[in-house]
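A short worksheet on the structure shown next.
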Protein chains: 2
Amino acid sequence: MQPRRATVRDLRRRNRSTLLSTLFFEGPLSRHELGGRTGLSAATVSNVVGELIDDGLVIEAGQVESDGGRPRVLLRVDPTFGNVVGIDVGETGVTMELFDLSMTRLATVDHPLATPQPDVAIVGEIIAAGFGTLLAEAGVTESSLLGVGIGVPGTVEQGATVRVHAQTIGWDGVALADLVHAKGITAPVFVENGAKTQGQAEMWFGAGRGARHAVIALIGSGIGATVITDGTTYRGATSSAGEWGHTTLSYGGRLCRCGALGCLEAYVGAEGILDRFRKARGGKAVPRDDEQSQLDFLLDAVDRSDIAAALVEETVGYLGAGIANLVNLFNPERIVLGGWAGMALGSRLLPEIRTATAAHALRHAYDQTSIVLCELGPDAVAVGAATLPVEALLSLGADPRIRPKAQILQVSQGKGHG
Amino acid sequence: MQPRRATVRDLRRRNRSTLLSTLFFEGPLSRHELGGRTGLSAATVSNVVGELIDDGLVIEAGQVESDGGRPRVLLRVDPTFGNVVGIDVGETGVTMELFDLSMTRLATVDHPLATPQPDVAIVGEIIAAGFGTLLAEAGVTESSLLGVGIGVPGTVEQGATVRVHAQTIGWDGVALADLVHAKGITAPVFVENGAKTQGQAEMWFGAGRGARHAVIALIGSGIGATVITDGTTYRGATSSAGEWGHTTLSYGGRLCRCGALGCLEAYVGAEGILDRFRKARGGKAVPRDDEQSQLDFLLDAVDRSDIAAALVEETVGYLGAGIANLVNLFNPERIVLGGWAGMALGSRLLPEIRTATAAHALRHAYDQTSIVLCELGPDAVAVGAATLPVEALLSLGADPRIRPKAQILQVSQGKGHG
DNA sequence: TAGCCTTATTTAAAGATGCGAATAAAGTCT
DNA sequence: AGACTTTATTCGCATCTTTAAATAAGGCTA
């Protein structure tokens with residue numbers, strides 16, 4: 001049980017965090033503007049910012065020309081204060097990216113995976129080797145690393161030791177963070193579900209910006225979702241919340257790969273769509289090699305094939321109902337449609353998807369929700385992962401005395417957090 | 001945009017709130033124990049408690065015998081500090097209850113509604129008259145009222161003026177709080193969806209106690225749900241979250257009264273169950289007069305009628321899938337089954353419901369969730385409503401300088417809140 | 001029953017923090 | 001150059017929690 005009391009030090013920590021976060025997301029800003037946005041007095045802003053500058057977190061960044069008064073000095077988070085690494089452990093490969101504190105990408109390493117179910121040890125090796133390449137490529141030292149975030153294709157059990165359960169790649173209870181530490185990486189490691197890191201990327205830098213209540217719906221071969229409540233990722237009791245794909249949409253319907261019947265994923269996941277398309281074609285295989293091209297083929301065929309048109313229409317109906325469920329349950333102000341299949345569907349059929357959603361959602365909630373396309377694409381998993389250590393830094397106000405070891409810390413993105 | 005800064009005054013307010021809440025939920029406690037539970041130093045506890053006593057919120061309540069030291073003085077919230085009223089505006093009648101600050105019921109007034117769609121003005125009259133009766137019966141003055149909570153059968157739009165949208169009783173955009181104020185009630189009025197107030201009652205005093213992540217599933221003629229995330233009721237962007245009943249469970253299925261097809265409510269709401277039963281009986285009406293007796297008839301008939309048995313089994317299946325959706329999306333630690341129909345089903349079929357849920361939920365999330373029966377019953381709507389002003393009081397630490405006017409304030413029930 | 005021991009609570013002093021007012025700084029304008 | 005304007009910093013103050021020391025209030029022992 002964490003302490004519920006608050007001391008004067010907590011005050012300062014919180015205000016530090018508020019100022020630093022504001023600068024990070026809305027900077028560069030002058031001290032004056034900072035005061036206006038946060039509600040802090042000029043005196044305190046000056047005082048705290050001075051501390052942040054002394055700690056090397058913030059630097060002055062030019063002036064704004066004045067029209068008859070002392071010019072404002074702009075402040076920004078110092079990008080060179082430290083670096084973060086984001087890792088996307090996917091089903092087909094491992095992508096590692098290194099960013100500075102302004103989230104500018106400094107280096108990238110890509111390592112395809114041969115086997116569909118790679119041994120954990122192998123992934124560990126790949127990651128360890130990747131670090132060397134990344135650091136060399138970017139020309140920075142390991143000691144500059146503020147933290148490492150890893151997105152994995154499965155649920156992450158937060159606890160004393162963080163464990164990964166990822167059916168698709170055959171991991172069950174893997175302590176990935178410990179493994180990485182064992183490879184000699186001393187920076188704090190954060191592990192999180194890939195859909196959630198991608199969702200967070202969309203919230204920080206994409207179509208989710210500014211929303212306090214949102215759902216990022218990710219449709220690829222399978223289906224995932226990130227639920228943002230009050231500015232922070234909702235994780236539930238054991239961080240496996242948001243399993244939208246395995247929500248029953250058609251009771252007693254198609255068999256899903258999770259073993260249940262009638263899951264949304266079985267209808268709207270790319271695999272499910274293509275399987276249904278195949279059946280509709282009388283069992284004839286869909287042209288093209290990979291799922292992505294096959295889905296494009298289907299969508300292109302709508303104009304000339306009744307079968308394709310009917311199938312796509314049906315798919316949009318299912319998707320609309322699935323989205324409507326999110327609207328009814330979460331009452332978000334925004335729904336962001338992402339994932340490669342989601343982008344393919346959404347870029348051509350967004351109006352139809354909206355209509356289908358409206359048909360299944362309660363009027364009041366639907367009217368409050370805007371349904372938009374994502375802005376970042378599937379390779380945002382790594383950026384989103386890199387976001388995790390930054391989030392921890394911001395939420396602690398980068399207190400130099402505290403080394404973030406805990407997995408999950410919360411910082412809300414903008415607008416006052418209780 | 002609320003301020004994100006914090007001052008020393010906020011500190012005190014928060015610690016006051018922490019101590020008062022702890023005392024409310026876990027009292028009576030000694031100053032010493034309070035220190036232990038909250039993490040506050042003995043000095044601060046003493047100091048703040050002194051203030052609370054001066055303000056009349058807390059009283060000393062006997063001693064605990066010692067075994068060789070100064071005995072501990074027990075402290076508790078003073079039940080006579082003030083009273084709260086909870087009102088259940090239902091489809092069939094208005095129930096009003098008056099409680100003291102220890103939530104002991106002091107008086108009750110019941111007023112059945114003749115018309116199914118009562119005019120707002122009439123309900124206003126009923127409520128105004130009820131206040132008089134309530135106060136007289138309990139022998140307290142109006143000035144002792146700390147606040148009034150009202151649970152209504154519809155969604156509540158929180159905003160500058162709070163508006164009620166309740167299809168079932170034909171209300172659209174009713175400013176109920178203003179109406180009550182116009183009747184001369186000066187105490188703060190809180191309006192909230194009845195399912196949410198009932199859920200809150202269950203969290204404070206029933207089967208939800210101690211859970212930080214829970215869903216209270218309410219099955220009556222229709223279906224509602226209260227979602228508790230991190231100790232507080234989840235409301236979403238415009239407080240219409242938790243519309244579980246109108247979640248699509250069987251795509252393209254039965255027509256629901258909301259106009260959509262295949263809603264959970266159309267299958268598992270009592271009306272839906274009985275309608276399906278009627279159809280299964282070849283259109284023959286179900287014996288008994290009211291829904292409640294008819295549902296009992298159905299459940300009793302399971303042993304002797306294959307039709308009834310099949311129908312109930314099917315219903316349990318649908319319900320399980322519906323609950324599984326909650327498990328997958330919210331990953332709660334507990335699901336509380338309530339509502340009169342939910343109690344009827346749950347008290348006889350809980351194991352079957354659990355099995356059906358397991359068949360549709362992801363293993364990991366299901367294993368973390370316990371599914372239990374509610375403890376309070378449908379008449380908890382009024383208690384839950386009365387809980388709203390108390391919640392506001394606790395969350396503000398009952399700062400004597402602040403009169404709670406705002407509708408919604410948050411206090412988490414136990415265990416440290418961020 | 002007086003004195004000692006133990007535990008609970010209160011008091012005193014110290015260290016932190018944010019705020020408002022006053023002051024300094026850095027320009028523009030005339 | 002001097003007046004004026006806007007931004008940033010400094011200073012004294014009120015508030016707050018904490019630690020340490022003092023006090024209160026019993027039981028226990030001889």
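Each chain gets a letter, A, B and so on, in the order the sequences are listed, and its residues count up from 1.
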Atom-to-atom span, [atom1] of [X] to [atom2] of [N] - whole angstrom:
X: Leu34(A); N: dG18(C); atom1: CG; atom2: C1'; value: 15 Å
X: His32(B); N: dA25(D); atom1: NE2; atom2: C1'; value: 15 Å
X: Arg4(A); N: dT17(D); atom1: CZ; atom2: P; value: 15 Å
X: Leu11(A); N: dC16(D); atom1: CG; atom2: P; value: 11 Å
X: Glu60(A); N: dT7(D); atom1: CD; atom2: P; value: 16 Å
X: Ile53(B); N: dT9(C); atom1: CD1; atom2: C1'; value: 11 Å
X: Leu40(B); N: dT9(C); atom1: CG; atom2: P; value: 14 Å
X: Leu74(B); N: dA8(C); atom1: CG; atom2: C1'; value: 12 Å

Partner of Leu75(A) under side chain to side chain contact (heavy atoms under 4.5 Å, CB included), chosen from Leu19(A), Val45(A), Leu29(A), Leu34(A): Leu34(A)

Sorted by chain and number, sequence neighbours left out, side-chain contact (heavy atoms from CB on, under 4.5 Å) with Ile59(B) holds for Arg76(B), Asp78(B), Pro79(B)

List the residues meeting side-chain contact (heavy atoms from CB on, under 4.5 Å) with Ala42(A), not counting sequence neighbours, and say none if there are none.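 Counting only residues at least two positions away or on another chain, Ala42(A) forms no side-chain contact (heavy atoms from CB on, under 4.5 Å).
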
Output the single nucleotide from dG18(C), dT18(D), dC16(D) whose closest atom is nearest the side chain of Arg5(A).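 Of the options given, the side chain of Arg5(A) lies nearest dT18(D).
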
Ionic contact status for Glu202(A) with Arg334(A), cut-off 4.0 Å: no

Check ion pair Glu333(B)-Arg212(B) (N to O, under 4.0 angstrom): no

Mind checking Val73(B) for me? I need base, sugar-phosphate or nothing, with any heavy atom below 4.0 Å counting as a touch.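 Sugar-phosphate only.
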
Give Asn47(A) one of three labels, base, sugar-phosphate or nothing, depending on what nucleic acid heavy atoms sit under 4.0 Å from its own.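 It contacts nothing in the nucleic acid.
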
Do any side-chain nitrogens or oxygens of [X] fall under 4.0 Å of OP1 or OP2 in [N]?
X: Thr44(B); N: dT18(D); result: yes
X: Arg72(B); N: dA8(C); result: yes
X: Arg13(A); N: dT17(C); result: no
X: Arg12(A); N: dG18(C); result: yes

Nearest nucleotide by nearest heavy atom, which residue falls closer to the 5' end of DNA chain C, Val8(A) or Ala43(B)? Ala43(B)

Has Asp100(B) got a side-chain atom pairing as donor or acceptor with Thr80(B)'s backbone, closer than 3.5 angstrom?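 Answer holds: no.
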
Check nucleotides 26-30 of chain C for protein N or O atoms closer than 3.5 Å to its own N or O atoms and list the pairs.
unit_1, atom_1, unit_2, atom_2, d
dA26(C), N3, Arg70(A), N, 3.3
dG27(C), N2, Gly68(A), O, 3.3
dT28(C), O4', Gly68(A), N, 3.4

Starting at the 5' end of DNA chain D and moving along, which residue's nearest nucleotide shows up first, Ser41(B) or Ser30(A)?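 With Ser41(B) and Ser30(A) compared, the 5'-side residue is Ser30(A).
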
Below 30° counts as parallel, above 60° as perpendicular, anything between as tilted: where do the rings of His213(B) and Tyr234(A) land?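 His213(B) and Tyr234(A): tilted rings.
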
